[in-house]
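The first residue of the sequence shown is numbered 1, and numbering continues consecutively from there.
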Amino acid sequence: MQRHGSGDTAALRMRATGLLLLVAHLLIVGWLTLRPRTVPWVPAPNLQPLASISAELARGPWHAVQSLSGQVLLLAPLGVLLPMAAGRLDVSPLVSLTRTVFAGAMIALAIELLQTGVPGQVPDVDSVLLGTAGVAVAHLAVVPGYRYKLRRRRERLRGATPRISRVGLAPQADVLSGSRTYL
């Protein structure tokens, strides 16, 4: 099926922009999380889920918000950039959320696994959970509404199919393919 029109160039531009922003964001995240740090001592890695989150909450809610929000916000842009780089408009919201959250979780897990070999960086299973939650929240907050807006814009640019008045049917020329003859 051939595609024509300015909608395709806009979709390609959006995919290219999404891919470029995705690569830039991942490079920044990699630089922030995988560079060696010189510290006098390093705590033990946290492999127990929700242990560091509960420890932060025990210090007070305001302190917990301040210390945990960085981990949530670090990967949150992936919730928007991954679907933008894919460039799909006609996809189920549940499928899109599942794909995006899974990819975000795998990226967070890869970062934590890579941190095991970096001096001064401590792997924490709660960072994976918080990063994945950030991806999910950002996706739910932005992507469904933006896709709806883009679909409506695409349909408005294509124009509605003409209908026969009082009947509500499309003319026969819209039903049959122009390249085939059926007689």
Side-chain angles (χ1 to χ4, degrees), residues 6-39 42-43 45-47 49-53 55-57 62-154:
S6 64
D8 294 331
T9 58
L12 286 175
R13 248 182 290 146
M14 182 176 25
R15 285 182 189 155
T17 303
L19 190 60
L20 180 68
L21 290 173
L22 178 65
V23 168
H25 178 71
L26 288 176
L27 286 173
I28 291 169
V29 167
W31 181 75
L32 288 173
T33 58
L34 298 176
R35 64 184 174 162
R37 294 185 333 184
T38 55
V39 291
V42 178
N46 175 29
L47 302 177
L50 304 177
S52 63
I53 294 173
E56 294 295 335
L57 287 171
W62 180 247
H63 180 74
V65 167
Q66 286 178 332
S67 62
L68 298 177
S69 63
Q71 294 176 356
V72 171
L73 295 176
L74 183 67
L75 295 180
L78 293 178
V80 177
L81 294 176
L82 288 170
M84 188 176 172
R88 295 181 179 140
L89 285 181
D90 299 319
V91 65
S92 165
L94 183 61
V95 170
S96 175
L97 177 67
T98 305
R99 283 181 188 159
T100 304
V101 170
F102 180 74
M106 291 299 107
I107 291 170
L109 182 63
I111 289 170
E112 293 303 314
L113 289 175
L114 289 172
Q115 279 184 343
T116 59
V118 178
Q121 296 287 351
V122 180
D124 185 1
V125 71
D126 290 338
S127 295
V128 175
L129 298 174
L130 291 170
T132 304
V135 170
V137 168
H139 181 85
L140 288 171
V142 176
V143 174
Y146 191 65
R147 276 194 178 140
Y148 175 75
K149 181 180 172 182
L150 287 175
R151 280 192 300 263
R152 286 195 51 183
R153 180 177 176 211
R154 179 184 64 186

Check whether any side-chain heavy atom of Q115 lies under 4.5 Å from a side-chain heavy atom of S127, and answer yes or no.
no
Exercise: identify the closest heavy-atom pair between L57 and A64
CD2-CB, 3.6 Å
Give, for atom CG of L129 and atom CG of D124, the distance between the pair rounded to the nearest 0.5 Å.
8.5 Å
To check you understand the geometry: which heavy-atom pair defines the closest contact between V143 and S96, and what is its length?
CG1-OG, 4.4 Å
Determine all donor-acceptor pairs shorter than 3.5 Å in which one atom belongs to a side chain in residues 78-93; sequence neighbours excluded.
unit_1, atom_1, unit_2, atom_2, d
D90, OD1, R154, NH2, 3.0
D90, OD2, R154, NH1, 3.1
D90, OD2, R154, NH2, 3.2
S92, OG, L94, N, 3.4

Which heavy atom of L75 sits nearest a heavy atom of H25, and at what distance?
CA-NE2, 4.3 Å
CG-CD distance between N46 and E112, expressed to the nearest 0.5 angstrom:
9.5 Å
Pick out which of L32, I28, I111 makes a side chain to side chain contact (heavy atoms under 4.5 Å, CB included) with L74.
L32
Is it true that atom CZ of R35 has more than 12 heavy atoms of other residues, nucleotides or ligands lying nearer than 6.0 Å?
yes
Which pair of heavy atoms, one from T33 and one from Q121, lies closest together, and at what distance?
O-CD, 3.3 Å
State the CE-OG1 distance between M106 and T132, to the nearest 0.5 angstrom.
7.5 Å
Where is the tightest heavy-atom contact between E56 and L68, given as atom of each residue plus distance?
CG-CD2, 4.0 Å
Once rounded to the nearest 0.5 Å, what's the spacing between atom CG of L26 and atom CG of L22?
4.5 Å
Closest approach of P123 to T116 (non-hydrogen atoms, all atoms of both residues):
CG-CG2, 3.6 Å
Below 4.5 Å, heavy atoms only, C-beta onward: do T98 and V95 meet side chain to side chain?
no
